[in-house]
Amino acid sequence: MRLKTSLLKEPKHILFLIICVGWTTADELYSCSEDHQILRWNLLTSETSLVVILPEDFYPIDLHWFPKTVGGKKQTPAEIFVLTSTDGKFHLVSKTGRIEKSVEAHKGAVLAGRWNHDGTALITAGEDGQIKNWSKSGMLRSTLATQGSPVYSVVWGPDSERILYTSGRHLVIKPLQPSAKVIQWKAHDGVILKVDWNSVNDLILSGGEDCKYKVWDSFGRLLYFSLAYDYPVTSLSWAPDGEVFAVGSFNTLRLCDKTGWSYALEKPNTGSVFSLAWSADGTQVAGACGNGHVIFANVVEQHWEWNNFMITLTKRKTMQVRNVMNDAVDVLEFRDRVIKASLAFGHLVVATSLQCYIYNTRNWNTPLIFDLKEGTVSLILQAERHALLVDGAGLYIFSYEGRLISSPKFPGMRADMLNAQCVSLSNDTIAIRDKSDEKVILLFDALTGKPLGDGKSLTHKLEVVEIALDQCGPSTERKIALIDKNRDLYLTSVRYLGREPKICKIGSMIHSMAWNNAANILCGVQDNQFTVWYYPSAVFIDKELLPKTLYTKDGSEFSHAPHILSYVDTKVRLRQRDGSLLYTSVPPYAVLLHENSSSARWEDALRLCRFAKEQSLWACLAAMAIANRELTTAEMAYAAIRELPRVHYINFIKQQPSKESSLAHLLLFSGQVQEAEATLLQAGLIYQAIQVNIDLFNWERALELAVKHKTHVDTVLAYREKFLLTFGRKETNKRFLQYAKGVEVDWEKIQAKIEMELSKERAKAANASVRSSLAQRR
Ligand SMILES: *[C@@H]1O[C@H](CO)[C@@H](O)[C@H](O)[C@H]1NC(C)=O
Ligand SMILES: *[C@@H]1O[C@H](CO)[C@@H](O)[C@H](O)[C@H]1NC(C)=O
Ligand SMILES: *[C@@H]1O[C@H](CO)[C@@H](O)[C@H](O)[C@H]1NC(C)=O
Ligand SMILES: *[C@@H]1O[C@H](CO)[C@@H](O)[C@H](O)[C@H]1NC(C)=O
């Protein structure tokens, strides 16, 4: 990725410092300078026109347009902006340049003025060290901070409930709620000149006179710091989607990844770049330059990769597709500028400022084209069946034939704040991490856009930072992997039909993860290793088996904590901290094993395991076979990894007198006690249900069942007595004491009764099998 810059030959604000810039639409920019002029730049016609000449004594400092999308309403062009000046005032200025209102705000210059995200409040920061809060119409509401030194830069937090400002070498995050805690930390070795805070990724940028720029999280933890360059950092700004940011200093413009490393460095002849502003679609950034120029820079040369296709945005409206198998090159031309694109599952989805193009990788000549609602696409996600587009305030699922399938909505939705970590898409499901309560994951049916099931969301015990739906298998078995604030990795079902979902931990210290496209295999970057969960669902089947189903690779070939970009077939693509790309591969067998298991080709699966001679594959097969109630295969697989107690238990299951009892013991095998009991009760096997509880020392439940069904109360009492005797304990349980009084324990009688129950079960099972074979013959 790089910046393509353009400067006019002669500056328009002649030989004066340009102080500030701001976009009205993706193609129109206002600039303001010490020459008292406000200019309008139309990028479509390449014309620059004078909006107004301000009074002689008016020296502007900062400009900020009133936010465009308010409360999810359709985007309207900005109509008004705030302009601050050296004389301690701020001004509300209309599009035509008329000063609607001027307000005395600070002693000395007003160094910054920022609207909050929904335009309900304005903050200003002054040379006098104060920060003030104003209503939309410019009425003073409160003074938020007072300090001894000028506040050079101030911004709102993503929720508009906190502000971030500079205080000499320190940064301060102040919640507007008076009682909440202020965070303050030393951030630079020189005065900090600019800060920014992105709504989508919640990350903070700072830069200053120590010639460095830094990236922080919203707790003030340092994520990246640059070298000390030659000149102070005078401006910096996040692209709206939070994927990249721009940094300006003397004759320098830099484009950086959100993790800090720099994609590109431009050395234009601009003097110091005092302010930077991104267009709302994130395709270009404008800079206000010390020598009277306004610099425009487009982001180009983004790359996308999938299988054997490499795609590059070569110009604003042109892409080049290269098939690395045969070196064939196709050029894709678009009518408008490309804003976002995504390549996966055999399809390229491109959003321009007006339309969406969908290409099949088999044919680059005839894309499907349809118009976009707003044309400010900030995110594209793909599944095999369809794609998700976040366009302005809306969320849309489109089929690859270009048909709108659904458009999920929920109360308080802020689509503009969604990113790839907090939204996930599969053929059947959409998952969204709730921004207002980060412990909650909202689930929707992809085809209808309606909340899943009874509309109950999934709640984790901690804040969730990343989610990912698996992509294969039937929708009833859809799983979601989530990483929480502690960097622990969990797995759970999304279609749990009434029951409370089990959220099981499957890993810790996970920095990044991705599902495979062809099988439900998950890979992740752990602290110092790369791990593949060949069959993550094993955790629901046999928890102890899970660690044996992993494939790991020493992480020494990676730099610290790389980010996984994709996991396609056997190839994993990672981005390292320094920006370099890295590929690693995973053996192909697990994908084949998944295929064999889902098509119930157990002979093939066994052959594969014997051939590959991998313990992890045998462990996967054991769990897969149990999940499919394929006991013979499970027995062989467990035997191959020497899990002898498991082998014995499977034998025991096989010898159960009826199908229901086998199933119940299989459920017990996976720790599903309630389900096992329910299976038995439903089949009328009351004694067996009681016995299961006795075997698990669930004494109270055993007695409860016996009493309720008026059978085997003596059996429960007898086993209880034996149990207490073995451990040298006395009965203290009131209910047992109560029933022991009226019931006589006779082991012989009990044994006989149990025998009878078992033979009854056997006879019934035999009857059932006779009946089913008769039915088959008919
Ligand atoms: C800031 O001003 C806005 C707009 O009037 C108001 O709603 C909000 O309560 C004020 N906040 C503080 C902390 O003064
Ligand atoms: C997903 O959808 C595609 C296209 O309709 C289909 O070919 C594929 O089998 C589906 N995958 C799953 C796991 O349902
Ligand atoms: C099963 O595994 C074998 C390898 O042993 C593979 O060649 C075959 O394609 C697989 N079959 C199915 C149906 O997935
Ligand atoms: C077996 O089937 C016969 C006839 O259908 C029935 O009379 C008998 O009660 C059944 N036995 C059991 C144990 O269900």
Side-chain angles (χ1 to χ4, degrees), residues 66-67 70 82 90 92 103 105 113-125 130-146 154 156-157 159-163 165 174-180 182 344-347 358 360 382-388 397-401 403 405 425-430 445-447 469-479 494-495 515-521 587-614 617-618 620-621 624-625 628 633:
F66 189 78
V70 176
V82 60
F90 72 82
L92 300 180
V103 179
R114 295 281 117 174
W115 298 104
N116 69 357
H117 297 287
D118 56 7
T120 51
L122 169 72
I123 41 172
T124 57
Q130 294 202 325
I131 296 175
K132 292 182 177 176
N133 180 36
W134 308 83
S135 76
K136 185 178 165 180
S137 59
M139 305 291 286
L140 180 64
R141 290 292 179 226
S142 57
T143 300
L144 298 176
T146 305
V154 62
W156 290 91
D159 46 13
S160 289
E161 281 166 11
R162 288 167 295 170
I163 56 169
Y165 60 91
K174 187 181 163 78
L176 296 192
Q177 258 184 346
S179 56
V182 174
F345 295 108
H347 292 89
I358 299 176
N360 192 312
Q382 287 181 259
E384 194 173 351
R385 178 180 290 168
H386 41 224
L388 177 152
I397 310 284
F398 286 100
S399 73
Y400 290 121
E401 290 76 47
R403 193 163 48 83
I405 292 177
L425 178 71
S426 74
N427 264 6
D428 39 66
T429 309
I430 306 162
D445 187 311
L447 304 184
L469 288 163
D470 65 11
Q471 299 292 318
C472 302
S475 63
T476 47
E477 284 171 28
R478 188 68 49 239
K479 305 271 189 313
V494 300
R495 313 220 173 197
W515 287 100
N516 186 257
N517 61 321
N520 287 335
I521 300 174
Y589 304 121
V591 173
L592 294 174
L593 195 62
H594 273 270
E595 282 171 7
N596 281 177
S597 142
S598 60
S599 54
R601 306 267 288 254
W602 302 107
E603 278 304 318
D604 280 353
L606 284 166
R607 208 172 306 127
L608 181 67
C609 287
R610 282 189 202 109
F611 170 77
K613 294 193 185 67
E614 277 276 347
L617 287 183
W618 281 113
C620 288
L621 181 58
M624 288 169 176
N628 288 284
T633 307

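Along the sequence shown, residues carry numbers from 1. Each ligand, and each atom within it, is numbered from 1 in the order the structure gives. This is a predicted model, so every value here is computed, not measured.
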What are the atoms of ligand 2, with element, lying closer than 4.0 Å to any heavy atom of Gly473? 13 (C)
Taking only non-hydrogen atoms of Ala121 and a 4.0 Å limit, the atoms of ligand 1 in range are 2 (O), 3 (C), 4 (C)
Can you report which non-hydrogen protein atom sits closest to atom 10 (C) of ligand 2, along with the distance? Asn427 ND2, 2.3 Å
Is there side-chain contact between Asn427 and Phe345, with heavy atoms separated by less than 4.5 Å? no
In terms of ring plane angle, is the pair His347 and Tyr400 parallel, tilted or perpendicular, where the classes change at 30° and 60°? parallel
Min over Leu606, Leu608, Leu592, Asn596 of heavy-atom distance to atom 3 (C) of ligand 3 lands on Asn596
Which protein non-hydrogen atom lies closest to atom 5 (O) of ligand 2, naming both residue and atom, and how far is it? Arg385 NE, 3.5 Å
With the side chain counted from C-beta on, respond yes when Met624 and His594 share a heavy-atom pair under 4.5 Å apart, and no when they do not. yes
Using protein heavy atoms only, decide if any is under 4.0 Å from atom 14 (O) of ligand 3. yes
Output the list of atoms in ligand 1 that are nearer than 4.0 Å to some heavy atom of Ser135, sorted by atom number. 4 (C), 5 (O)
What I'd like to find out is whether the side chain of Leu92 reaches to under 4.5 Å of the side chain of Lys136, using heavy atoms alone. no
Closest non-hydrogen atom pair between Leu122 and Gly113, with its separation: CD1-C, 4.3 Å
Restricting to non-hydrogen atoms, name the atom on Gly473 and the atom on Asn520 that form the minimum distance, rounded to 0.1 Å. N-ND2, 4.4 Å
When distances are taken from atom 7 (O) of ligand 1, the protein heavy atom at minimum range is Thr120 O, 5.0 Å
Less than 4.5 Å apart, side chain to side chain, heavy atoms only: is that true for Gln130 and Thr146? yes
Which atoms from ligand 2 have a heavy atom of Cys472 less than 4.0 Å away? 13 (C)
Output for pair (Leu388 CG, Ile430 CD1), nearest 0.5 Å, gives 6.0 Å
Short N/O distance, under 3.5 Å, between Gln471 and ligand 2? no
A student checking ligand 3 against Ser599 at a 4.0 Å heavy-atom cut-off should list atoms 13 (C)
Give a yes or no answer on whether the side chain of His386 reaches the backbone of Asp428 with a donor-acceptor pair at less than 3.5 Å. no
Student check: side-chain heavy atoms of Asn596 and Arg607 closer than 4.5 Å: no
Sub-4.0 Å heavy-atom approach of Arg607 to ligand 3: no
Under 4.0 Å from any heavy atom of Ser142, which atoms of ligand 1 are there? 12 (C), 14 (O)
Atom 12 (C) of ligand 1: nearest protein contact (heavy atom, Å): Asn133 ND2, 3.0 Å
May I ask you to list the atoms of ligand 3 that are less than 4.0 angstrom from any heavy atom of Glu595? 14 (O)
